[in-house]
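Below, chains carry the letters A, B, ... as their sequence lines are ordered, and counting in each starts from 1. As the structure is a computational prediction, the values presented were derived from the model and not from experiment.
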Amino acid sequence: MTQSQKLTVKPYRGTRDFYPEHMYLRNHMFNIMRSVAELYGYEEYDGPMLENFDLYAAKSGEELVKEQLYHFVDRGNRHVAIRPEMTPTVARMVAARIGELPRPIRWFSFPNLWRYEKPQRGRLREHWQFNIDILGSDSVSADQEIIEVAIKIMLKLGADKKDFCIHISDRRILMYFLESVLKLDPSLSAPVCRVIDKRAKISAEDFNRMLIDIGLSNGQIDEIDSYLNLTGKNLSDHPVSQSEGYAELNKLLEGLANNGMDSMCKVDMSIVRGLDYYTGTVFEMYDLSPENRRALFGGGRYDNLVGLFSKERVSGVGLGMGDVTVADFLQTHNLLPKLNPAASVHVALFDENSRLSTSHLANILRSAGIRTSMQIESARLGKQFKWANSKQIPVVVLQGPDEKAQGTVLIKEMASHNQRVVKEADLVSAIHQLLNLDV
RNA sequence: GUGGGUGUAGCUCAGUCGGUUAGAGCGCCUGACUGUGGAUCAGGAGGUCGAGGGUUCAAUUCCCUUCACUCACCCCA
């Protein structure tokens, strides 16, 4: 092979390699999410990365299927898709056992998802997403629980209460507003929703012009303005307080306040969300740092996705949290975890003659539960210490001929440069002591 | 899909108004130091200057195309 024929080392466009330091961060985030989910009694599941193409053709947005879905025909002539989202898989799995699963169903997962995007900040072709759902309950308490889990995760990741805010709305209030207050032609509601969704990002002039372009009157635009300015306080005076969604939203806020979560939440009528299948509560979490003002993740209540597969109606509420956006949040707020050394102790190898006894020493440490790496290639001791230093391993153990003859071992603490000689029998306790001091 | 910016060593970047053999810092390897790492010193490896084509006596430099990265849109969570 000539130079020009060498394969590229770059990962496929829009995907990432997770080197150990990246994997460490991903595991850090996911371990915290997992522990909070389990604390609330949720169970972990997973599904295949490949699904029947029809699963997405049925319900996911047209854009998603036409432009962004990875799909192919397999050797058995089946039309197969790589999952772009997890919700259809959850719905399918729940439907398959609809008769036997005790409800509510509390599940979570960490799927990798694929979309044929043009890669850009915060959007890649493959990303991992923490998905958590509660299915089989219509109660707003389920909505509350999902939001609580999200908040607990943020706090456990190290976020301050002032670092983030969950913006909450309810699709039913929005629908009531559009139909009964604004008396909008149903064909206009989708484009109007899209403009409302965008309002935070665009100027008031652009906002008004877009609504005029759609065909709204100035009076209607004023109505929309005052609707979007509603908060929890003045909501009760507005005509939408007649809607079913209003009562539900109130209950949700009451529940959150009861558990001390209300300071991290606020009513925001401009929250719409793109997916068609949301029917009730919708929410998005925002980073409050000026450097990273954007939605971190979102979710909401979707009624009857399970109905695609089953006669039975099962509603659910859930959220998806992407690894990319959460990592951005941690970085913005200086919350990235310190990389843990791969081993606590490195056992140096004096020379080839001491290989067997050195290997035995290393195994004594491992039996005691101490993470221990051992020198493989014999090399100059300076090189071995240098290696341990570059891997930030805090302790190096060495048994040369002198120590061997006396039944002792040399222990060196790298940070302080201190070293001492202990009896072989005291090795484990001496290491334990050192490592505890370190922490 | 649309528009802007950027591609030079593993990384961060200089440089070339077109002209011998393309540089620095950091990192890596070797040695000074055959029982000890963060310092110092010396040396070394590593580049078809993103790729292809064009203009020219001569292209890393100018032109075209293409690919990749990146930002903003579009779209979407």
*Asks:* Write down the distance between CD (A/E413) and P (B/G38), rounded to a whole number of angstrom.
*Replies:* 17 Å

*Asks:* Please work out if A/K383 contacts a base, only the sugar-phosphate, or nothing of the nucleic acid, heavy-atom cut-off 4.0 Å.
*Replies:* sugar-phosphate

*Asks:* Could you check how far CG of A/N353 sits from C1' of B/G35, rounded to whole Å?
*Replies:* 15 Å

*Asks:* Between A/K162 and A/D160, does any side-chain N to carboxylate O distance fall below 4.0 Å?
*Replies:* yes

*Asks:* Within the structure shown, what part of the strands sits under 4.0 Å from A/Q392 by heavy-atom distance: base, sugar-phosphate, or nothing?
*Replies:* nothing

*Asks:* In whole angstrom, what separates A/L381's CG from B/G31's P?
*Replies:* 13 Å

*Asks:* Say you pick atom C1' in B/C17 and the same atom in B/A59; how far apart are they, in whole Å?
*Replies:* 14 Å

*Asks:* Distances for protein N/O vs nucleotides 65-68 of chain B N/O pairs under 3.5 angstrom?
*Replies:*
from, atom 1, to, atom 2, distance (Å)
B/A68, O2', A/K10, NZ, 3.1

*Asks:* Calculate, to the nearest 0.5 Å, the distance between atoms CD1 and OG belonging to A/I376 and A/S378 respectively.
*Replies:* 11.0 Å

*Asks:* If you draw the axis of the six-membered ring of A/F18, does the NZ or CZ of A/R26 fall within 45° of it and under 6.0 Å from the ring centre?
*Replies:* yes

*Asks:* Assign the ring pair A/F53 / A/H71 to parallel, tilted or perpendicular, where the plane angle (0 to 90°) is split at 30° and 60°.
*Replies:* tilted

*Asks:* Please measure how far the P atom in B/U60 lies from the corresponding atom in B/A9, and state the result in whole Å.
*Replies:* 15 Å

*Asks:* Does A/I151 reach the side chain of A/I166, with side-chain heavy atoms less than 4.5 Å apart?
*Replies:* yes

*Asks:* Starting from the 5' end of RNA chain B, give me the residue, A/F350 or A/G299, whose nearest nucleotide shows up first.
*Replies:* A/F350

*Asks:* Using the side-chain heavy atoms of A/R380, tell me which of these nucleotides is nearest: B/G35, B/G31, B/C29.
*Replies:* B/G31

*Asks:* Send over the distance from A/M414 CE to B/G38 P, rounded to a whole Å.
*Replies:* 9 Å

*Asks:* Please classify the nucleic acid contact of A/G298 as base, sugar-phosphate, or nothing, using heavy-atom distances under 4.0 Å.
*Replies:* base

*Asks:* Work out how far the C1' atom of B/G1 is from that of B/U8, and round it to whole angstrom.
*Replies:* 32 Å

*Asks:* Supply the atom-to-atom distance A/Q129 CD to A/F30 CZ, rounded to the nearest 0.5 angstrom.
*Replies:* 9.0 Å

*Asks:* Say you draw a straight line from CD of A/E126 to CG of A/D323; how long is it, rounded to the nearest 0.5 Å?
*Replies:* 9.0 Å

*Asks:* Can you tell me how far C1' in B/A51 sits from the matching atom in B/C26, rounded to whole Å?
*Replies:* 29 Å

*Asks:* For A/D143, is there an ion pair with A/K251 - N to carboxylate O distance below 4.0 angstrom?
*Replies:* no

*Asks:* Between B/G19 and B/G10, how many Å separate the two C1' atoms, rounded to a whole number?
*Replies:* 31 Å

*Asks:* Let's test your reading of the pairing rules: Watson-Crick or G-U wobble, both distances under 3.5 Å, then write RNA chain B as a dot-bracket string with ( ), [ ], | and dots.
*Replies:* (((((((..((((.....[...)))).(((((.......))))).....(((((..]....))))))))))))....

*Asks:* With a sphere of 6.0 Å drawn around CG of A/N334, does it hold more than 12 non-hydrogen atoms of other residues, nucleotides or ligands?
*Replies:* no

*Asks:* Look for any protein N or O under 3.5 Å of an N or O in nucleotides 1-6 of chain B and output each such pair with its distance, or none.
*Replies:*
from, atom 1, to, atom 2, distance (Å)
B/U2, O4, A/K118, NZ, 2.8

*Asks:* Send over the distance from A/N418 CG to B/U36 C1', rounded to a whole Å.
*Replies:* 13 Å

*Asks:* Please report the distance, rounded to the nearest Å, between CD in A/E117 and P in B/C71.
*Replies:* 14 Å

*Asks:* Determine the Euclidean distance between corresponding P atoms of B/A42 and B/G25; express it in Å to zero decimal places.
*Replies:* 11 Å

*Asks:* Does the distance from a Lys or Arg side-chain N to an Asp or Glu carboxylate O, for A/R83 and A/E51, drop under 4.0 Å?
*Replies:* no

*Asks:* Angle class for the A/F110/A/F108 ring planes (parallel below 30°, perpendicular above 60°, tilted otherwise)?
*Replies:* perpendicular

*Asks:* Distance alone, cut at 3.5 Å: any donor-acceptor contact between the side chains of A/T325 and A/D328?
*Replies:* no

*Asks:* In whole Å, what is the span from the CZ atom of A/F385 to the P atom of B/G35?
*Replies:* 12 Å

*Asks:* Check every atom of B/G35, B/C76, B/G37 against the side chain of A/R115 and return the nucleotide holding the closest atom.
*Replies:* B/C76

*Asks:* Ignoring hydrogens and angles, answer whether the base of B/G35 and the side-chain atoms of A/Q399 contain a donor-acceptor pair closer than 3.5 Å.
*Replies:* no

*Asks:* NA contact type, A/Q384, heavy-atom cut-off 4.0 Å: base, sugar-phosphate, or nothing?
*Replies:* nothing

*Asks:* Please report the distance separating the C1' of B/U12 from the corresponding atom of B/C28, rounded so that it comes out in whole Å.
*Replies:* 16 Å

*Asks:* Distance only, no hydrogens: is a donor on one side chain within 3.5 Å (strictly under) of an acceptor on the other, for A/Y302 and A/D133?
*Replies:* yes

*Asks:* Starting from C1' on B/C76, measure out to OH on A/Y56 and report it in whole angstrom.
*Replies:* 16 Å

*Asks:* If we take the P atom in both B/C62 and B/G7, what is their distance in whole Å?
*Replies:* 11 Å

